[in-house]
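For reference, the structure discussed in these notes is given below.
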Amino acid sequence: MKKVLVALGCLLPLIAGCNTFWSKEGFELPFAEKKEDRVIKNVQSALKGEEGHSRLVGDYITVRSGLQMYVVEGVGLVKGLNGTGGDPGPPYRDVILEDMRKRRFPQPEQFLRLPSTTVVIVRAYVPPLVRKGDLIDVEIRVPEGSDTTSLQGGYLLECSLSEQAYAQGRGMLEGRAVAKAEGPILNLQLDSSSDNGQFLRGIIPGGAVYTGEHRKLSVQLKGDYTNYRMSTRIADRIGTRFFDYDDDGIQRKLAEAKTHSKIELDVHSRYRDNYPRYLQTIRHIELKDTSASRHQRLQELALELRNPAQAEQAALRMEAIGVEAIPFLKSALTSTTGEPPLPIECRFHAAQSLAYLGDTAGVNTLVEAARTEPAFRVFALAALSATMSPEAVVGLRELFDEESIETRYGAFRAITTIMPYETSVAGAEMKGGYTLHPVQTEASPFVHFTKRRKREIVIFGPQQEFLTPVIIKAGQGITVRSNPEGTGMIISHIASDGSPQRLETSLRIGDVITKVDALGARYPDVVQMLVEAEKQGNLPGPLGIDALPQPGRVMRSEQEVTDSNDSSDSPKQAGEFDSTPNLFDNSDHSKRATETPETPEDNLTSPDVPTESLDDPVGFTVN
C-alpha cells in the first residue's frame with residue numbers, strides 16, 4: 001500500500017501539468033490542447049512578434065458592423081398631383097388615416113379622395129457612419145392596386161421612416177423611427193420611348209433627415225485571437241495612431257475594446273469622406289512597434305516607395321506610422337539634381353498619404369494625377385478634399401478648366417466639402433428647395449444636376465445661353481419659350497387661381513432658372529426643364545447627371561511602356577470597386593442594403609473562449 005501511494009504521489013504532479021480534454025466516453029485525456037489555451041498561446045506569440053504571426057493589425061480583425069446600409073420605410077402622403085392621384089385601398093389607406101388622425105389632420109378621408117393626392121410607400125437607405133442631422137436619399141413608389149397614374153409634380157408631406165424586421169410567425173414588425181422624409185418628388189423619364197412605370201416611382205435627393213444614433217464602426221478579432229489582452233492591445237495601437245480631443249481639450253483615442261472580441265471605432269475627421277481609406281490604414285498599423293524598429297522600417301519603405309510595383313503598399317504602411325513618415329514621403333515628390341522625377345504612381349501614392357497626414361506638400365502632384373490619370377482621379381480628388389487647406393482649393397480651381405466633365409464636377413464637390421462658401425463655388429439657395437451654382441470655366445460649357453445626396457444645379461460657364469428656338473415646360477403651368485426674334489425668353493405661368501403671369505428675361509440659363517424659381521418651380525420642375533432642353537438640342541453643351549469619377553480603372557505605368565516590345569497595353573487596376581471614397585460614392589443603394597439594421601452585439605461572447613475582465617487579463621504577461 002505504501003508503494004502505491006508513493007507511485008501516485010510521483011504521478012500527480014505530472015498529471016496536474018498536462019493539458020487535458022474530455023473524450024466522447026467521458027474520460028479526461030492528457031496532451032490535448034483546449035481552445036482557450038491555444039488562444040492564449042497565439043496571442044502571446046503575436047504580441048511578442050514571433051515568427052508565424054503577422055505584424056499587421058489587419059490580419060487579426062474583420063469589419064463587424066457599421067459599413068452595411070440598411071433599409072427604413074414608411075407610408076407617406078403626396079399632394080400637388082395634377083389629377084393623377086388615386087386611392088390605394090387597405091392596408092396602406094388605413095395606416096395613413098391613423099397617422100393623419102394622430103396629427104389632427106382636418107377631414108382626412110375627404111383629403112385622401114382628392115385627385116391631387118395619393119398614398120405612397122417611402123423607403124430610404126441609412127448609409128454607413130451617418131450622424132444625427134445628416135441628409136439621406138429617399139425613394140417613393142406607388143403601392144400595387146392604387147389608382148394613381150403618375151407622381152409628377154407631387155410633394156411628399158412629412159413622413160416618419162422606421163426600421164423594419166421580419167419575425168417568424170408575426171410577419172413584419174416596425175421598430176424605432178430613425179428618419180423624417182419630406183420634399184418634392186423627382187420623377188424623371190429619361191427614355192421617351194416607354195415609361196415602363198417610371199411615373200409611378202420617384203426620388204427625393206437628400207430628402208430625409210436622419211434622427212437616430214450616430215453609427216460607428218466595429219471590428220471583430222479573428223477566432224484564434226479572441227482574448228482581452230489582444231483586444232485591448234489592438235485598440236491601444238489604433239488609438240495611439242488615431243485620436244481627437246474632447247470639449248475640454250483632453251486627448252481621446254478613437255478605438256475602444258468593448259469585449260474580448262469586439263473593438264469599436266470612431267472615424268478620424270480627416271477620413272470622414274473616405275472611410276475605406278481609414279480601414280486600409282488601420283490594417284497596416286504594426287501590432288508591435290518600437291522607436292528603433294519604426295525608424296528602420298521607414299528607411300526600408302522609403303526605398304519601396306520608389307518602385308511603382310511597391311509604392312501603394314509602402315505609402316499605406318508609412319501613413320499608418322503617422323507624422324514620422326512625412327519627411328520620407330516628401331522625398332518621393334522631388335528628384336535630386338540630374339535625376340528624372342519618379343513615375344506618377346510613386347509620386348501620387350506619396351502625395352495621397354501626405355494629404356491624410358495633414359501635409360500639403362503633395363497638392364500639386366494630386367492635381368496633376370487628377371488631370372492626367374483617370375485611374376487615380378477619384379482618389380486624388382478625395383485626398384485634396386481631406387487636406388481641408390487653401391492650397392488644395394487653389395489647385396482644385398485649376399481643374400475647372402479641364403474638358404473632362406467628371407474632373408470639373410469632382411473638383412467642384414471637393415471644394416464645396418472644404419469651403420462650401422468659397423467664392424468660386426458659392427451658390428444661391430433657391431425657393432424651389434435646391435442650390436444654384438454658377439462656376440467660371442475656360443473649357444466648353446455644361447450644366448450638371450444631382451439625383452443623389454443633395455439637390456443642386458451647377459452651371460459651368462455662367463454666360464451660356466439656351467439655343468433658340470425654345471419651347472419647354474418647367475412644371476405645372478409654367479412654359480418657357482424664346483421670343484420671335486430669338487433674343488430673349490418669355491415665361492408664362494398660370495397661377496392656381498387661374499390668373500396668367502408673364503415674365504421676360506435673357507437667354508442665359510441661369511437667368512431663366514432664377515425666373516421660373518420665382519414663379520414656384522421646384523427642383524424636379526427645373527431638372528425636367530433642363531432634360532427637355534437637352535433632348536431638343538437647346539443646350540450649348542452636355543447635361544451631366546451625377547458625373548462622378550470612379551475607382552477600379554486601369555492604367556499603364558511608365559515602366560511598362562518603356563519595357564514593352566510592342567504597342568499592347570498592360571493594364572493595372574488602380575483601387576478596388578469597393579474602395580470608393582464615400583465623398584464620390586454613386587453606387588446603387590438597393591444592391592448594398594440589408595432589410596434590417598445590424599443587431600447590437602455588445603453583449604455577445606464566444607462560448608469557446610473565457611470572458612476575462614479588462615482589469616485582470618489572464619494567461620500571461622507581455623513586456
Side-chain angles (χ1 to χ4, degrees), residues 43 46-49 53-64 66-67 129 216-222 225 229-246 249-258 262-302 304-305 312-330 349-362 382-383 386-388 579 581 622:
V43 171
L47 295 182
K48 287 182 176 180
H53 296 271
S54 175
R55 296 164 55 187
L56 301 180
V57 163
D59 291 322
Y60 299 102
I61 61 174
T62 57
V63 177
R64 184 176 195 170
L67 291 185
L129 309 181
K216 295 186 178 182
L217 284 173
S218 69
V219 296
Q220 180 175 355
L221 270 63
K222 294 182 178 178
Y225 296 92
R229 177 72 68 167
M230 190 68 160
S231 178
T232 53
R233 175 61 67 89
I234 289 178
D236 181 69
R237 293 293 301 124
I238 296 172
T240 299
R241 170 63 181 87
F242 292 111
F243 54 87
D244 63 9
Y245 297 89
D246 62 20
I250 300 173
Q251 190 179 105
R252 180 182 73 94
K253 293 185 175 182
L254 299 182
E256 180 182 1
K258 289 293 187 179
K262 177 183 176 181
I263 300 170
E264 192 172 80
L265 306 176
D266 274 334
V267 177
H268 190 277
S269 58
R270 203 172 292 281
Y271 294 82
R272 178 80 197 280
D273 292 313
N274 192 358
Y275 58 77
R277 181 78 181 185
Y278 186 59
L279 290 173
Q280 281 182 305
T281 307
I282 284 174
R283 292 181 185 281
H284 286 80
I285 293 175
E286 297 272 336
L287 184 62
K288 179 179 173 62
D289 202 16
T290 64
S291 177
S293 65
R294 194 161 54 248
H295 182 74
Q296 180 181 351
R297 193 162 71 253
L298 284 169
Q299 299 277 4
E300 296 169 353
L301 292 172
E304 294 178 9
L305 187 60
E312 182 175 8
Q313 287 299 309
L316 267 171
R317 293 184 66 185
M318 295 169 88
E319 186 178 329
I321 289 173
V323 293
E324 291 180 57
I326 289 177
F328 297 90
L329 290 164
K330 284 183 177 180
H349 289 301
Q352 183 178 212
S353 288
L354 283 168
Y356 288 104
L357 289 170
D359 192 283
T360 59
T387 67
M388 305 297 289
S579 64
V622 178

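Once rounded to the nearest 0.5 Å, the distance linking CG of D246 with CD of Q251 reads 10.0 Å. A distance of 12.5 Å separates NZ of K262 from CG of L221, quoted to the nearest 0.5 Å. Going from atom CD of E300 over to atom CE of M318 covers 11.0 Å, rounded to the nearest 0.5 Å. Atom CG of L305 sits about 11.5 Å away from atom CZ of F328, to the nearest 0.5 Å. Separation of atoms NZ (K330) and CG (L354) is listed at 7.0 Å; rounding is to 0.5 Å. Going from atom CD of E264 over to atom CD1 of I238 covers 12.0 Å, rounded to the nearest 0.5 Å.
Remark: the backbone N or O of R270 is not paired with any side-chain donor or acceptor of Y278 at under 3.5 angstrom. Remark: the backbone N or O of R229 is paired with a side-chain donor or acceptor of T232 at under 3.5 angstrom. Between the side chain of Y60 and the backbone N or O of S54, at least one donor-acceptor pair lies under 3.5 Å. Between the side chain of T281 and the backbone N or O of R277, at least one donor-acceptor pair lies under 3.5 Å.
The pair K222-D59 fails the salt-bridge criterion, with no side-chain N (NZ, NE, NH1 or NH2) lying under 4.0 Å from an Asp/Glu carboxylate O.
When every heavy atom of A383 is checked against every heavy atom of A355, the shortest pair comes out as O-CB, 3.5 Å. Scanning both residues, D359 and A361, for their nearest heavy atoms gives OD1-N, 2.8 Å. Residues A255 and G239 approach most closely at CB-N, 4.1 Å, considering heavy atoms. Closest approach of A350 and A315 over heavy atoms only: N-CB, 4.4 Å. Between A382 and N274, the shortest heavy-atom contact is CB-ND2, 4.3 Å.
The side-chain heavy atoms of I263 and E256, taken from C-beta on, include no pair separated by under 4.5 Å. Side-chain contact between L357 and L329: present, with at least one pair of heavy atoms (C-beta onward) separated by less than 4.5 Å. Residues I282 and I61 are in side-chain contact: their nearest non-hydrogen atoms beyond the backbone lie under 4.5 Å apart. You'll find the side chain of L47 stays beyond 4.5 Å of the side chain of K288, heavy atoms only. Side-chain contact check for R283 versus L316: every heavy-atom pair is 4.5 Å or farther apart. Here the side chains of L254 and L265 are not in contact, with every heavy-atom distance at 4.5 Å or above. At a threshold of 4.5 Å between non-hydrogen side-chain atoms, the residues H53 and L287 do not count as touching. Here the side chains of D289 and T240 are not in contact, with every heavy-atom distance at 4.5 Å or above.
Among R55, R317, E319, Q313, the one residue that satisfies the side chain to side chain donor-acceptor pair (under 3.5 Å) test with H284 is Q313. For the salt bridge (charged side-chain N to carboxylate O under 4.0 Å, His left out) with E286, the lone residue among R233, R297, R294 that qualifies is R297.
A parallel orientation is assigned to the rings of Y356 and Y271, their planes being inclined by less than 30° (bins at 30° and 60°).
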